[in-house]
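Notes to accompany the following structure.
Reminder, nothing fancy here: chain letters follow the sequence lines and each chain counts from 1. In this text the structure is predicted, and so the values were computed from the model without any measurement.
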Amino acid sequence: MNEHLMLTIALPLLGAFLLPIIMRSSLAMGVWIGPAILGYGCWILGNLWLHGNGQPFSIAIGGFAPPIGINLYVDAMALLFAFATQLLGLIFWPFRLDQDTPKRQALMLLLVASSTGLALSGDLFNLYVFYELVAVSTFGLIAASSSGAAYVATIRYLILSGIGSVLTLFGIALIYAQTGTLNLAHLAQLAPDQLNNDLGLAAFLAILIGIGVKAELFPVNTWVPEVYATAASRLSAFLAGLVSKLAMLVILRLLLLIFHQPEATQVILILGILGVISGEFAAWRAKDMRRMLAFSSIGQLGVIFIAVALPDERGVLAVLALSLHHMLIKSGLFMLADHWGGSLDRLRGLAATSPLAGGLFVLFALSLVGMPPLPGFWAKFTLITELAGQTDPLYMIGLLVFLLATVIEASYLFRVAAKMYQTKPTENVRINAPDSGGLSLTTASLFGAGLIAVTVMVSPLGEALQAVAAQAQDVDLYIQTVLQQPLGERQ
Amino acid sequence: MILTPLDELLLFSGATLLVALILGRGLAAGWMVTILYGGQLLTLIKMAALGYSDTIIHASINFEIMGQSLSWRFDALSWFFALITVASALLSSWFSCGEWERSFKQHGGNIWLYHSAMALNVFTMLILLASGDLLSLFIGWELVSWAGFLLMAMAGGVATRAAMRYITYAMAGGMAVFGGIALVYVAAGSLQYEAILTAVDQMSTTQLWMLVVMFGSGFGIKMGLLPFHLWQAPAYAETPGPGSAFLGAISSRMGLFAILLVLVKLFGIVNIDSLKIPFTLIDARDLLAWIAVFTIILPTFTAMKQNDARHLLAWHGIGQGGYMLLGVVVADAMGGAGGLLHVFNHATYQAALFMAVTAVIHRTGTSDLNKLGGLVVRMPLSFVVLLVGIIGLAGLPPMNGFVSKWLVYRSLLNEGMPLLFLAAVIGTLGTILSVYKLIHNIFLGQLRIEHEQVKEAPWSMMVPMLILAAIIFITGLFPGIPLAWVASVQEVIGLPVTDYTLGGVESVSGSLDMIWVIGVLFAGFGIGAVIFYSAGRSKRVHQLDNYAGGHFLSADVRYQYSDNFYAGLMHLIGGWYRGSFLWLEKSVTSLVDFISLVMQGLYRRANAEFYLLSTALFVIAWVVI
Amino acid sequence: MAPMELILELTLMPLIAFLVGMMMVLMMRRIAAKIQRRVGPPLLQPLYDIVKLHSKRTQISHGLIHDIGIIMAMGGYIAAETLLPVPGMNGIAEKGGIITLLYLMMIPSLGLALGVGQCANPNGSIGIARALTAMLAYDIPLVIVIFGVAYAAGTTNLVDIIAQQQAGGFAAWGAVEMPLLAIAGLIAMHASLGKQPFEIYIAPAEIATGPMVEMSGKYLGGLFVMQCFQLYTTSVLYVSLFLGGGTTWFDFLLKSFLVLAIPVSIAYLFPRYRTEDLLRLMWKWPVMLGLIGVAFVL
Amino acid sequence: MSSINQIPVIEAKRGNPLSKVFDELVRFCRSRSLFILHYCTGCGAIELPPAMTSRFDMERLGIQPMVSPRQADILLITGYVSIKTLKRVILTYEQMGSPKYVIGICSCTVNGGMYWQSYATAKKLDEYMPVDLYIAGCMPRPEAVIAGLQQLMNRIQSGEANSWEDYFRNYDYYLGNQQKLFGDNWQTPTDIITEAKHYNLMGEGTFGEHTRLLEQHQKPLEALDMRLGHNLKEPTE
């Protein structure tokens, strides 16, 4: 099965190039190609998860063993995110048929392929390439939403992302200049000697800020509200839910494997705290649903950054739990918000016309603010117990900011919820609540069901995540897996 | 598997919730739910041994989640609070059956939501009360908060706004507790009570301070302690009728329960006493005591200015919470007993008062104190209930409120705390003033023309009210009944136990025997009645046959004094109502608003590249330097 | 104690209180007359008034609560008397204590307030509002005083407080040991009597005697009875707290009448304060004195 | 009817000597405790302060001023009574609790005095309410007032001063005179007829044409009795 893994990247990539051509000849066949590819990808990854022995493994590509060749590194964490990518790609598949369909679907396939690559890649440069691919496909997709505002937003995003790429490349160049290798395992081996200095730190920070653009890191996330507010909801959901997490994953990977400087974690922590503050406060005043969700997403990513800055295994666990939880919730919320554009006041009395949508919103909101026994609570519980255990006072500030942010979050989310459940309209305001589109509501319900399922199974899932975290934390295992037990032929 | 009584209780409670959810729209839903509450009460009575001894009943369910074990169990403390919870739920629910339900529906209320929210509240409260470790405590805590939100918000409009305010406060409190739990977890390595008990002794002063502040403020918000009290009155007052009776009776006492459990039982009053505030003479315990007395005084005097009966009562609910905390913080045998007994007593009279006011609203359609009057001739039984309730609330003999307040006063006297004592009495005096305004403006004075045809509240509402009134009187006459439970609660949470008798308290420095006091009082009334009725016959006259300086009164001119009732007093102290807490709340809100404006501005500016580059430069410069 | 004896005490104590109270009313009116250079009422004038009022042919009632209010006003004091020890008789003083007594003394006011409320006369309501305000004014110094005395004695049991003072002789009297509290108590006591200059809630020329405006016949008669009890209770309480109670009836009554004579003599020299002035006065001087006194006690 | 001497004195029928003593006692107490509502209608009121204060000191006779008619026994009419005032006087008189006594001070109350030509003045007070005692003079000195009061006290003690019963027993007569002056729709808030029924003070003259006229337009004056109302029907609209 392991050798099929390549296909999860290769097939969507191939599909992306072939799709426009096929579509031109047969639309009927074309529309099924994308979902089929992604479904197959899900199946492969699922199988791997179920039938694998739980041990990580590495796949060398192109016949060269690492550290010379490039490789895919597959541990539980990578597998999890790759699977989530394929699955969410399938769920958020752009079905809509118009003249842009081939373009959009091809870009979506490209996005999924590169995202999967981002999750699996074991090589710094490869990561960069996939990262760029993600960026390009995202621009395309946002622009394909083809509203005027979306174009403007895309331009801003494009510029920012471009500069970010340059910075990332700069960082990678620094590393390469220092160590002469870009293989992560090899770097992990060399890092304590060669990168544990100012240069390494500079490289890391450059990469952090570069990749941070996607991961909604504090000062470089200004594209977020506009893009999420103007792009198609399904795309926003995919970006907020998944792509940001993949960028985060990359940063986490680099931090765990290579950069052990305390300054690195400190920077992440500070930026995370600032992100939480800026995001949640900005969301408090947001006047429309999508922007509110976008700001909230910034805040949540800030929380995850705080978790990233935590040193040990429970920290990784917190990152994973928070990321997956946010992935679930934000996707669901963006799907709900599909038809909820415009002023928040339009939502007045919505629960009466669409009780399911109202109920789902409340459910997601409750989990987001960490109401036990919903999974959000357990994620947050992991985070705060870990934060409280640190001696550095900065972590204590992080803890306080996090608690404050949760209060603000509850305040603005439930202001909306209260509006929805308002039955007596005040004078001058007529109830003209938008209906929630059938498809997006169904999708949201899917996430809601998922959330409830997770609530029920929180205990086994928690243990599984703990194992994943332990594996991701283990640097020696990574090095050994990639360098000592190559699957390809050894030079 | 053999079910323990606690399992049965929780199952019963869950079943109540299910029935409310499934059948809540049906005709007899109210009655069914009420009967199920009765079942819960019976299960509680089955556990009555808890109220008289130091035993524990465990629930069969426990979980192991992410390395945390969660368990649930009942002891005397839980049982005492659960008894109050379930009994007030039973009576409130009974009150809502039948006619109130119908009129609620007619006015566009969602009766299904009401019953479900009530059942959910009771269920979550029982879960909270049963918590066997800090994590399950927190879970219960959050559940109770959100269930309360549901009940408060359901009336819509003003109520929703009040509920929003509540949930913001409650979230803040919840997060403080959450942070506190994290700190405890780090310090003790576990969230089990036993582990914490041993860890507390090794904690540094700073740690203990942080914990006291976080838990104290977190739980205090729910109790409506100053300065976190602003949410409570409007939230409770705007809850539909019997719901407000239930919430007013017990909801905010969950905060006290948690304080008792965490601050008193786990941390220990002695430890809290050792936390000195630098450069002052007071310690953390004094601080709590002073917070308690300010919680007594300020809300009570705010209540005096209210012109809406429900708001007036809700404000008093906050103030009465102060007595409970005060008693508990003084923490000698009498104080502890007084504070705990006041929880019980307060629940009885507050529920009765809210119900009586709801009955008045049900019949007249208003709770505006300036639009009522003279109803005693039309709703005499409601008047009696309200009278009994206000005597209890004001803490005068012969009702139960007197006993608990007496105990609190006595403890302050014994400990030699004159200022706290004085403050507590000022609170009582303020209460007397404002409850007289309540009963006068509703029931006394001139009956309005539009209320000529008003009828007494229906029996479905009357019976629970009368039961409550009877409880208020009987527990005033025999305070020993609840004091027995209180004594075992004191034992459980590690406070000294009072020496109680059926009629009151035995003490070297002055005892109290309510049976004698009330007996003599009623004998006095009897003699008074004999004197009174042995004199000539009297004749009732029309209310307009009244002295008006020679003026001829007519029904179309109001001859009633209700607005600005304590004009002379307000002339002096009116200027002292500065609304400082409101100002504080507003300024916090504006601060948040301002910050969020700045943050939004940050994101709205289009020069993202500038941020990126400047950050990059800054970071690199930082590294290089 | 034998039950018969107790029952005898419980009957005698209010009865004596009533009789002494009537004499106190007489003394008050006589003092007023003497100050105004009048002759004053005859010896049995209080009795004449009470009998006359109760023997009125037509009695105007405003409803059941009006009646009950009067009964409560009388009955509350009758009950309170049994908690107030007199020479040779303790009644049930040991079962209540001073705090209970203090609160029991609010029952008549509550009854009166209810009865007046039912009268549906705004003058009465204003009167009650003012009376409650006055209570808020004078009870604050009063409870400080009570606190000080009870704390100094280490008990709330009035019997013990009296016994302690008597055991120590004159030097152990509350007034000697705690002079500041005694002064504050005297002022508070004066205000609690509702006499000039603190009669804001009677104010005949302003609100037509406030609470009493609709009281006729036996209703007013009941209030006259209540006044007897009120004078008696107030002065005896003061004597018990500060002047060592009484060992014999003679010195007991002497002290009680003398104590009462002080505020009454002052009363007829002054006009009336406004409500807020009363509050200001009560919350300033007696409270200050009381707090200093308590500080000494502590 | 207007003459005091014509008022029949009803002897106490009770044979019990103890009750006789009791009645005696009550009458004595009534005579020794008189609360005056001095309704200051005219110039005569100026003579009351000296009567009350140190010079003459009414209190030594047990006479006290009172504020509200409910508390008072004696209604002092101290001077001329204009028609507008008379309405208030009657209202006040009816609100007083019986036994109650009316004393007319000054000539004006006897026959209008110097106002006898006035269109707006009630000339004879005893046409509108039974008067126990007139103290004539313009104005009478305090000595005269005190002397009058003492005479009243004697009459009370002997049981002669029961003019208040006359008001109940001959209500129709007084009401007729009142109606003549104030118009047919004259009504006071006090329900004299039910009061007379309640206290068994009905007489032959209680009812008559004037009371019938009153009943035609009378606003209901029944006391608001306490009721539960559970068995009441909804008012049909």
Option that, when pairs with chain B are counted at under 4.5 Å, heavy atom only, ranks first among A:Leu461, A:Asn221, A:Leu404: A:Asn221
Shortest non-hydrogen contact from B:Ser596 toward A:Trp284: OG-CE3, 3.9 Å
Exercise: identify the closest heavy-atom pair between B:Val186 and A:Thr385: CG2-O, 3.5 Å
Option in B:Leu143, B:Ile167, B:Ile139 with maximal non-hydrogen atom pairs under 4.5 Å from chain A: B:Ile139
Contact summary for A:Val407 and B:Thr168, nearest pair of heavy atoms: CG1-O, 3.8 Å
Verdict with reasoning, B:Leu602 to A:Phe218, per side chain to side chain contact (heavy atoms under 4.5 Å, CB included): CA-CA 11 Å; B:Leu602 195 73; A:Phe218 164 60; 3.7 Å; yes
Which atom of A:Ser411 lies closest to which atom of B:Met164, heavy atoms considered: O-CE, 3.4 Å
Plane angle bin for B:Trp146 and A:Phe414 - parallel if under 30°, tilted between 30 and 60°, otherwise perpendicular: tilted
Largest heavy-atom contact set with chain B, pairs under 4.5 Å, which of A:Ser278, A:Ser459, A:Gly370: A:Ser278
Test of ring centre spacing under 6.0 Å for A:Phe402 and B:Phe178: no
When A:Leu366, A:Val267, A:Ile408 are compared by non-hydrogen pairs under 4.5 Å with chain B, the top option: A:Leu366
Worked check of side chain to side chain contact (heavy atoms under 4.5 Å, CB included) between B:Leu183 and A:Met396: CA-CA 10 Å; B:Leu183 292 177; A:Met396 208 45 84; 4.0 Å; yes
Under 4.5 Å from any heavy atom of chain B - which part of A:Ala206: neither
Inter-residue atom distance B:Met599.CE - A:Glu280.CD, 0.5 Å rounding: 11.5 Å
Test side chain to side chain contact (heavy atoms under 4.5 Å, CB included) applied to B:Gln68 and A:Phe381, step by step: CA-CA 11 Å; B:Gln68 308 297 328; A:Phe381 180 71; 3.7 Å; yes
Contacting moiety of B:Leu191, where chain A heavy atoms sit under 4.5 Å: side chain
Shortest non-hydrogen contact between A:Leu400 and B:Met214, atoms and distance: CD2-CE, 4.3 Å
Interface residue of largest heavy-atom contact number with chain B, from A:Gly389, A:Gly162, A:Gly279, under 4.5 Å: A:Gly389
Chain B contacts, top residue of A:Lys380, A:Glu463, A:Arg291, A:Glu226 (heavy-atom pairs, under 4.5 Å): A:Lys380
Top contributor to chain B interface from A:Leu399, A:Thr382, A:Ile298 [non-hydrogen pairs under 4.5 Å]: A:Ile298
Option that, when pairs with chain A are counted at under 4.5 Å, heavy atom only, ranks first among B:Val598, B:Val184, B:Ile181, B:Leu597: B:Leu597
Spacing of B:Ser145 atom OG and A:Met371 atom CE [to the nearest 0.5 Å]: 8.5 Å
Proximal component of B:Asp593, with respect to chain A [non-hydrogen, under 4.5 Å]: both
Contacting region of B:Leu150 [heavy-atom separation from chain A under 4.5 Å]: neither
B:Tyr193, OH atom: more than 12 neighbouring heavy atoms under 6.0 Å: yes
Under 4.5 Å from a heavy atom of chain B, the part of A:Val224 involved: neither
Region of B:Phe149 that comes under 4.5 Å of a non-hydrogen atom in chain A: side chain
Exercise: identify the closest heavy-atom pair between A:Leu403 and B:Gly179: CD1-CA, 3.7 Å
Interchain contact, A:Ala286 with chain B, by part (heavy-atom threshold 4.5 Å): both
Evaluation steps, side chain to side chain contact (heavy atoms under 4.5 Å, CB included), between A:Phe281 and B:Gln600: CA-CA 8 Å; A:Phe281 273 100; B:Gln600 267 202 336; over 6 Å; no
A:Leu317 versus chain B, the contacting section by heavy-atom distance below 4.5 Å: side chain
Residue B:Ala153 versus chain A: region with a heavy atom under 4.5 Å: neither
